[in-house]
2 protein chains.
Amino acid sequence: MTNIHDIAKMTGYSVSTVSRVLNHKNYVSDEVRAKVQAVIDEMDYVPNDVARDLSRGKTYSIGVVLPYTKHPYFTQILNGIMSEAFERDYRLVVLPSAYDKDKEAEFLEQLRRKAFDALIFTSHGLPLEKIAKYQKYGPIVCCQYPGNVDISAAYSERIDTYVKAFEWVRDHNFERIGILQNRDYHVSATSEMTIKAYQQVFNKMPESDLIVTDVTTYDDGHNAAKYYVKNELDPDYVFCNSDDIAVGFKDYYLENNLKVPEFMGQENQLSSKILNFSTIDHQFEKVGASSFDLAISGDRKQIPIESMLINRSGLV
Amino acid sequence: MTNIHDIAKMTGYSVSTVSRVLNHKNYVSDEVRAKVQAVIDEMDYVPNDVARDLSRGKTYSIGVVLPYTKHPYFTQILNGIMSEAFERDYRLVVLPSAYDKDKEAEFLEQLRRKAFDALIFTSHGLPLEKIAKYQKYGPIVCCQYPGNVDISAAYSERIDTYVKAFEWVRDHNFERIGILQNRDYHVSATSEMTIKAYQQVFNKMPESDLIVTDVTTYDDGHNAAKYYVKNELDPDYVFCNSDDIAVGFKDYYLENNLKVPEFMGQENQLSSKILNFSTIDHQFEKVGASSFDLAISGDRKQIPIESMLINRSGLV
DNA sequence: TTGTATGCGTTATCAG
DNA sequence: CTGATAACGCATACAA
């Protein structure tokens with residue numbers, strides 16, 4: 001493995017000069033530059049990135065914590081991050097968490113050990129307060145509304161759109177509103193926001209029987225419907241946490257020849273396009289791009305990005 | 001920034017001893033270990049990963065080249081790689097290529113510069129021969145059948161399943177077979193394989209008018225159908241390159257009140273499950289997992305993984 | 001069991 | 001414009 005010292009020796013110049021040639025810096029005569037470059041080419045030499053990172057005290061890579069990749073939320077956000085990262089010649093390290101707190105803690109430790117320059121949490125299981133404490137080791141950006149915790153964030157401003165959605169539901173005289181969500185609203189900011197929007201519009205908490213948690217897949221949506229039916233809960237409108245989940249939900253009713261309650265999806269996935277039902281587009285690519293910008297700038301601020309209600313109900 | 005020398009100084013022991021404590025190595029008395037550990041804890045010290053990597057000559061990270069992430073092929077394969085990587089405490093660096101040869105070349109250079117220990121090409125635009133030459137700088141694994149090029153590969157053994165699929169089509173008396181594909185068969189191994197399977201079953205080349213290239217999305221599928229209709233090509237069976245694409249294809253006919261040709265999808269996505277049409281599951285998670293194993297073992301070998309025909313036609 | 005000294009491959013500072 | 005040398009932070013062969 002030939003290194004910069006070898007090149008220095010072979011050219012007869014010093015390592016500093018070789019380094020300058022390598023990094024296209026000034027203060028080296030054209031003549032010397034040419035000679036050194038010739039040897040570099042001849043020896044097929046390239047500098048070692050790790051040594052470089054160590055010397056510069058920077059890795060030019062950003063860690064991205066992903067609970068899992070199956071959900072479109074994460075692929076969209078990752079796409080947004082990737083496109084920005086690539087333009088700016090940053091490396092992206094994907095960190096799968098499955099919402100495991102130990103794993104998330106491990107990633108925070110890696111930031112502390114300088115494995116990457118900054119960390120982006122696309123979502124988190126750990127309390128934000130704990131995550132925030134690690135900011136002294138490097139920029140940390142989360143992709144959800146951080147409440148009163150002082151941490152950088154780029155997030156989809158869902159609340160206004162959720163409110164609009166529930167207003168639409170209320171204005172069309174639906175009363176028994178079912179809500180499917182990924183995680184309980186005590187631990188998930190998104191779920192909490194959904195409940196809050198509901199409260200704001202209806203001036204009361206949603207009926208707890210009508211809230212179904214741990215819904216992440218088509219099959220979960222299917223099971224949620226089954227749960228409603230078995231327990232005769234009869235929602236007349238259901239607010240689903242993704243389009244694909246909405247389809248699973250709907251299918252259960254169809255398979256059993258039951259009338260499907262009205263419903264809305266989220267994510268603006270292909271399935272809502274195919275089956276033409278309403279949904280909410282959360283603009284996650286933009287969220288990803290902004291979170292990356294925050295990560296490398298190191299600015300401590302929040303960037304809300306408005307989501308969009310896509311009404312395909314045929315009614316205004 | 002406190003480092004190992006500081007700890008050594010504070011404890012009164014040498015850096016080697018501190019290092020041994022850090023790495024849970026032998027040859028250090030319990031008493032000393034406890035003392036050193038106490039100071040480490042007190043100072044809240046953690047070693048620097050970059051320095052570690054440099055010293056060990058290893059990064060414990062693997063680069064994964066992804067043309068893009070929208071396609072389920074890549075998310076599935078990435079999931080497979082991620083689950084393996086995480087178990088073995090490896091870091092994954094995602095490298096978006098968009099099939100750009102310059103970018104791919106850049107990633108090969110990064111391998112050479114020791115930015116990661118190995119490289120996985122989930123797909124590639126560069127000729128395999130060129131990629132193979134970089135193996136002297138570290139293990140490289142590709143996720144497609146490498147033909148006669150001497151390079152490691154874990155790949156979905158699609159050919160047998162494609163043959164089975166076309167046999168089914170032939171045995172059910174379809175004759176004008178349309179084929180939708182991502183890239184031309186001169187540059188894409190997958191497309192080439194599709195054509196070969198067709199040839200093997202029908203003893204002739206598919207009609208070139210019936211082959212549509214550059215199809216990657218729902219909309220592209222939609223356009224492909226439009227193309228068939230406008231030019232009165234009348235395929236009676238269409239072999240689509242993904243389920244979502246198949247849906248776009250079908251929708252065009254429905255929207256125009258035309259009879260939809262029979263068709264099959266690929267990827268076993270949700271859409272084929274919803275709409276209940278046949279598809280092929282390529283087992284990409286397994287491919288991802290195996291490619292990772294190859295990457296870190298450094299073995300130079302090929303691992304075929306059989307894909308599965310999922311017949312939902314109702315006919316045998 | 002512990003310490004010393006050197007290597008890992010660069011970049012950066014400062015002197016010339 | 002060029003060079004010597006000190007960081008960067010850790011691991012490890014060898015010595016004690």
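Side chains are part of it too, since the values below use all heavy atoms of this structure and drop only hydrogens, waters and symmetry mates.
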Problem - Nucleic acid contacts - residues 8-18 of chain B versus DNA chain D, non-hydrogen atoms under 4.0 Å - result: Ser16(B)
Practice task
Just grab all the side-chain hydrogen bond (donor to acceptor under 3.5 Å, both in side chains) pairs involving residues 29-42 of chain B, residues at least two apart or on different chains.
Solution key: Gln37(B)-Asp41(B)
Handout entry: Positions of residues 41-49 of chain B (non-hydrogen atom under 4.0 Å from DNA chain D), listed by number
Key = Tyr45(B), Val46(B), Pro47(B), Asn48(B)
Practice task
For the pair Phe284(B) and His282(B), name the ring-plane relationship: parallel under 30°, tilted 30 to 60°, perpendicular over 60°.
Solution key: tilted
Handout entry: Presence of salt bridge, Lys114(B) and Asp53(A), under 4.0 angstrom
Key = no
Exercise for the section: Could you pick out which residue, Ala51(A) or Ser55(B), lies toward the 5' side of DNA chain D when each is mapped onto its nearest nucleotide? Expected result: Ala51(A)
Problem - Interface residues of residues 107-118 of chain B with DNA chain D (non-hydrogen, below 4.0 angstrom) - result: none
Practice task
For Asp49(A), enumerate each residue passing the salt bridge (charged side-chain N to carboxylate O under 4.0 Å, His left out) test, keeping only those at least two apart in sequence or located in another chain.
Solution key: Arg91(A), Arg113(B)
Problem - Phe116(B) ring center near Tyr60(B) ring center (under 6.0 Å) - result: no
Practice task
Give a yes or no on whether a salt bridge exists between Glu129(B) and Lys133(B), defined as a side-chain N under 4.0 angstrom from a carboxylate O.
Solution key: no
Handout entry: side-chain N/O Asn3(B) vs dC8(D) OP1/OP2, d < 4.0 Å
Key = no
Handout entry: Inter-residue atom distance Ile120(B).CD1 - Ile81(B).CD1, 0.5 Å rounding
Key = 4.0 Å
Practice task
State whether the side chain of Gln302(A) and the backbone N or O of Ile151(A) hold a donor-acceptor pair below 3.5 Å, judged by distance alone.
Solution key: yes
Exercise for the section: In plain terms, say whether Asp214(B) and Arg183(B) are close enough for a salt bridge, that is, a side-chain N and a carboxylate O under 4.0 Å apart. Expected result: no
Problem - Test: Glu109(B) and Arg112(B) ion pair at under 4.0 Å - result: yes
Fill in the blank from the handout: Terminal axes of the helix from dT1(C)-dA16(D) to dG16(C)-dC1(D) (5 end pairs apiece), angle rounded to 10 degrees, sit apart by 40°
Handout entry: Within-4.5 Å side-chain heavy-atom neighbours: Glu104(A) and Phe121(A)
Key = yes
